[in-house]
Amino acid sequence: MKRPVLTAAALSALALGLAAPAVAQSQAQSQAQSQAEVSAQTVPIDAAAQARLRAQGEAYHRAPDSAQDPDELVRTRILNAEIAAGNMAAEDQERDSAALHAQALASHQEEEERAATARAEYEATVRASEAAQARYNEMYAAWEAQVRACNAGDRRGCAAGPARFDPTPPAPAPRRW
């Protein structure tokens with residue numbers, strides 16, 4: 001039976017893997033201690049100012065830039081700049097969207113007005129056509145009555161001449177749409 005031989009590199013990797021959590025924990029503890037030391041070194045605010053801030057609900061006190069980690073300040077400024085750029089882009093997009101919405105709304109209202117005008121013209125044309133059809137039907141009925149009377153032997157109807165009948169109905173009003 002052969003046993004695998006562990007090389008020095010494999011042993012080193014194994015040792016580093018086991019030691020990594022302990023190193024990370026010690027780094028976290030040292031950072032917490034350094035932050036506590038920095039916050040202890042910050043300039044204290046007078047008691048009246050602290051009382052006023054507590055009354056207003058303020059609990060956060062920003063440490064001066066000199067007391068903060070320079071790398072963290074740079075990262076914070078970069079992130080703030082990215083957030084501000086994103087906010088400005090969102091505001092621009094919202095402004096553009098609002099302008100497009102206003103244009104679309106105005107266009108829709110104009111189209112609605114045109115449709116209402118066309119509808120009113122259509123309804124007026126329908127009413128005129130119905131009135132002309134009713135007049136045509138009355139004239140046709142009078143003519144048929146005169147023809148029946150004439151065929152029945154009533155010579156007064158035949159002697160009076162043809163009834164006022166125009167076989168072509170009047171043309172409807174022209175459409176304007």
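Values in this document were obtained by computation on a predicted structure and should not be read as measured data.
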Notebook entry, point to check: At what distance, to the nearest 0.5 angstrom, does CZ of Arg135 lie from CD of Glu130?
Noted result: 14.0 Å
Item checked: For Asp71, salt bridge (charged side-chain N to carboxylate O under 4.0 Å, His left out) partners two or more places apart -> none
Margin query: Rounded to the nearest 0.5 Å, what separates atom CG in Asp96 from atom CD in Glu91?
Written below: 12.0 Å
Checklist line | Side chain Thr125, main chain Glu121, donor-acceptor under 3.5 Å | finding: yes
Notebook entry, point to check: Heavy-atom count around Arg114 CZ within 6.0 Å, excluding the residue itself: above 12?
Noted result: yes
Check: Counting distance only, does the side-chain N/O of Ser97 pair as donor-acceptor with the main-chain N or O of Gln93 below 3.5 Å?
Finding: yes
Notebook entry, point to check: Which other residues belong to the hydrophobic cluster containing Val74, where Ile, Leu, Val, Met, Phe, Trp and Tyr are joined when side-chain heavy atoms lie under 4.5 Å apart, directly or via other members?
Noted result: Ile78
Note to self: Nearest 0.5 angstrom please: Glu112 CD to Arg119 CZ, how far?
What the structure shows: 13.5 Å
Item checked: From CE (Met88) to CZ (Arg95), nearest 0.5 Å -> 10.5 Å
Checklist line | Plane angle bin for Tyr140 and Trp143 - parallel if under 30°, tilted between 30 and 60°, otherwise perpendicular | finding: tilted
Next item on the list: Kindly state each residue pair satisfying side-chain hydrogen bond (donor to acceptor under 3.5 Å, both in side chains) with at least one member in residues 74-88, sequence neighbours excluded.
Entry: Asp65-Arg77
